[in-house]
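One structure is given here, and the rest of the page talks about it.
Only this structure's heavy atoms are used, side chains among them; waters, hydrogens and symmetry mates stay out. Below, read A as the first sequence line, B as the second, and so on, with proteins coming before strands; counting in each chain starts at 1.
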2 protein chains.
Amino acid sequence: MRLSTKGRYAARLMLELALHYGKGPMLLRDVAEREEISEKYLGQLVAPLKAAGLISSSRGAHGGYALANAPKDISLCEIVQAVEGNLALVECVHSPKICSRVNSCVTRDIWGRLSERLTEELESISLQDIVYQHRRKQSAQPLTYTI
Amino acid sequence: MRLSTKGRYAARLMLELALHYGKGPMLLRDVAEREEISEKYLGQLVAPLKAAGLISSSRGAHGGYALANAPKDISLCEIVQAVEGNLALVECVHSPKICSRVNSCVTRDIWGRLSERLTEELESISLQDIVYQHRRKQSAQPLTYTI
DNA sequence: GTAATCACTACTAATTTAATAGAATTAGTA
DNA sequence: TACTAATTCTATTAAATTAGTAGTGATTAC
């Protein structure tokens with residue numbers, strides 16, 4: 001029950017855009033370098049994020065990507081959902097037709113409620129929260145070199 | 001971020017054993033028939049469940065499987081964990097060594113806390129709870145044939 | 001001793017994941 | 001207009017995972 005790289009990388013991509021918020025579009029190349037993720041692979045993740053209205057892009061020279069809204073108005077849930085699809089822990093929760101047992105299957109109900117709880121948790125975390133936690137953690141980090 | 005058939009089938013297998021609790025060992029063949037799951041595949045799931053101390057088995061004629069403890073004393077968390085391994089949403093939470101960024105990566109902290117919340121939710125659901133909900137649902141079910 | 005049952009191991013087809021590669025499109029600027 | 005920098009789109013692929021199937025061996029009740 002692991003989150004794939006899509007969701008994980010999308011979260012890191014969005015964090016970089018949030019850290020750059022208000023400073024114009026950010027190059028995908030820079031995001032890729034800072035997060036040590038393949039630029040080409042990130043290139044595939046921005047499409048669904050844009051389709052979901054979470055980021056905007058400008059092409060050509062001096063182009064790049066920027067958050068479509070303020071960090072406080074973007075939830076982690078939206079980010080993960082954009083790249084991973086619905087967050088149901090089992091497929092039958094969203095696609096009842098795939099199983100003939102849905103009407104009698106109590107485990108489906110349980111997985112459904114758990115999926116809702118998980119979604120609520122993800123909704124409660126905003127990109128702004130992640131920025132705060134990142135800044136706090138950065139300032140607590142020891143330097144990686146000695147003077 | 002889906003639960004695999006291992007976790008889902010294990011939950012259904014354990015529910016059948018719980019419904020049969022106190023009536024001696026239950027044949028895997030009967031579990032397979034009632035739940036419409038391949039008996040051979042279920043045969044692979046019982047090994048980790050037994051290793052985790054959740055079920056006991058008796059071999060030979062009149063053998064079968066039974067819960068090792070009362071349904072109220074077995075949590076859904078134990079069942080899923082037995083067959084799926086640890087419930088971390090991302091691998092680096094339990095295996096920090098696989099990524100050099102763990103010390104500075106704030107998203108790892110977030111996935112870690114979410115994994116904990118999910119684990120708590122699963123711990124709060126006992127097999128007895130599932131039996132209750134199953135019985136309630138069964139009695140509310142309309143008959144599948146008309147008189 | 002034989003039939004019934006669990007136990008163990010090996011194999012496999014299909015799907016998903018995690019990319020890589022390259023051509024096409026768009027926009028700013030000299 | 002031509003050039004360059006950037007996103008956008010589509011195809012391909014190697015590796016890993018999933019969801020089984022198959023067969024043989026070990027154990028026990030009768």
**Residues which pass side-chain contact (heavy atoms from CB on, under 4.5 Å) with B:Arg34, listed by chain and number, not counting sequence neighbours** =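 B:Arg34 satisfies side-chain contact (heavy atoms from CB on, under 4.5 Å) with B:Glu16, B:Leu19, B:Met26 once adjacent residues are dropped.
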**Message:** I'd like to check the side-chain contact (heavy atoms from CB on, under 4.5 Å) partners of A:Ile130; sequence neighbours left out, ordered by chain and number.
**Reply:**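 For A:Ile130, the residues satisfying side-chain contact (heavy atoms from CB on, under 4.5 Å) (neighbours in sequence not counted) are A:Leu15, A:Leu76, A:Ile125, A:Leu127, B:Val106, B:Ile110.
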Any salt bridge (Lys or Arg N to Asp or Glu O under 4.0 Å) pairs touching [range], not counting sequence neighbours?
range: residues 125-136 of chain A; result: none
range: residues 35-58 of chain A; result: A:Arg12-A:Glu35, A:Glu35-B:Arg101, A:Glu36-B:Arg101
range: residues 60-82 of chain A; result: none

**Prompt:** Of all of residues 83-106 of chain B, which get a heavy atom below 4.0 angstrom from DNA chain C, listed by number?
**Reply:**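 Close to the strand, none.
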**Message:** Can you list, in residue-number order, the parts of residues 3-25 of chain A that come under 4.0 Å of DNA chain C, counting heavy atoms only?
**Reply:**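 Heavy-atom contacts with DNA chain C come from A:Ser4, A:Thr5, A:Tyr9.
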**Message:** Need two values: the first and the last nucleotide of DNA chain C, 5' to 3', having an atom under 4.0 Å from any heavy-atom of chain A.
**Reply:**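 Counting from the 5' end, contacts occupy C:dA18 to C:dT29.
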**Counterpart residues, side-chain hydrogen bond (donor to acceptor under 3.5 Å, both in side chains), relative to A:Asp109 (two or more places apart)** =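 In terms of side-chain hydrogen bond (donor to acceptor under 3.5 Å, both in side chains), with neighbours along the sequence ignored, A:Asp109 is linked to B:Lys137.
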**Per-nucleotide protein contact string for nucleotides 7-17 of chain D, where B marks a base within reach and S marks sugar-phosphate only (heavy atoms under 4.0 Å, - for neither)** = BB--B------
**Prompt:** Quick one: stems for DNA chain C, with Watson-Crick or G-U pairs under 3.5 Å, at least three in a row?
**Reply:**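 Stem segments, range with range: C:1-30 with D:1-30.
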Any side-chain heavy atom of [X] sitting closer than 4.5 Å to one from [Y]?
X: A:Gln81; Y: A:Leu122; result: no
X: B:Thr107; Y: A:Arg8; result: no
X: A:Gln128; Y: A:Val131; result: yes
X: B:Thr119; Y: B:Cys77; result: yes
X: A:Leu13; Y: A:Leu49; result: yes

**Item:** Pairwise 5' ranking along DNA chain C for A:Ser38 and B:Ala61, keeping only the more 5' one
**Value:**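 It is B:Ala61, whose closest nucleotide lies nearer the 5' terminus.
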**Message:** Which heavy atom of A:Trp111 sits nearest to which heavy atom of B:Gly7, and what is that distance?
**Reply:**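 Reported closest heavy-atom pair: CZ2-O, 4.2 Å.
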**Prompt:** Phosphate oxygens OP1/OP2 of D:dC30: is one of them under 4.0 Å from a side-chain N or O of B:His62?
**Reply:**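 Looking at the OP1 and OP2 atoms of D:dC30, one of them is under 4.0 Å from a side-chain N or O of B:His62.
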**Item:** N/O donor-acceptor pair under 3.5 Å between A:His20 side chain and A:Gly24 backbone
**Value:**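 At least one qualifying donor-acceptor pair exists.
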Show every donor-acceptor pair shorter than 3.5 Å between a side-chain atom in residues 58-66 of chain A and any protein atom, with sequence neighbours excluded, or say none if there are none.
none

**Item:** A:Glu120 with A:Arg117: basic N within carboxylate O range, under 4.0 Å
**Value:**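 A salt bridge is present here (some side-chain N lies under 4.0 Å from a carboxylate O).
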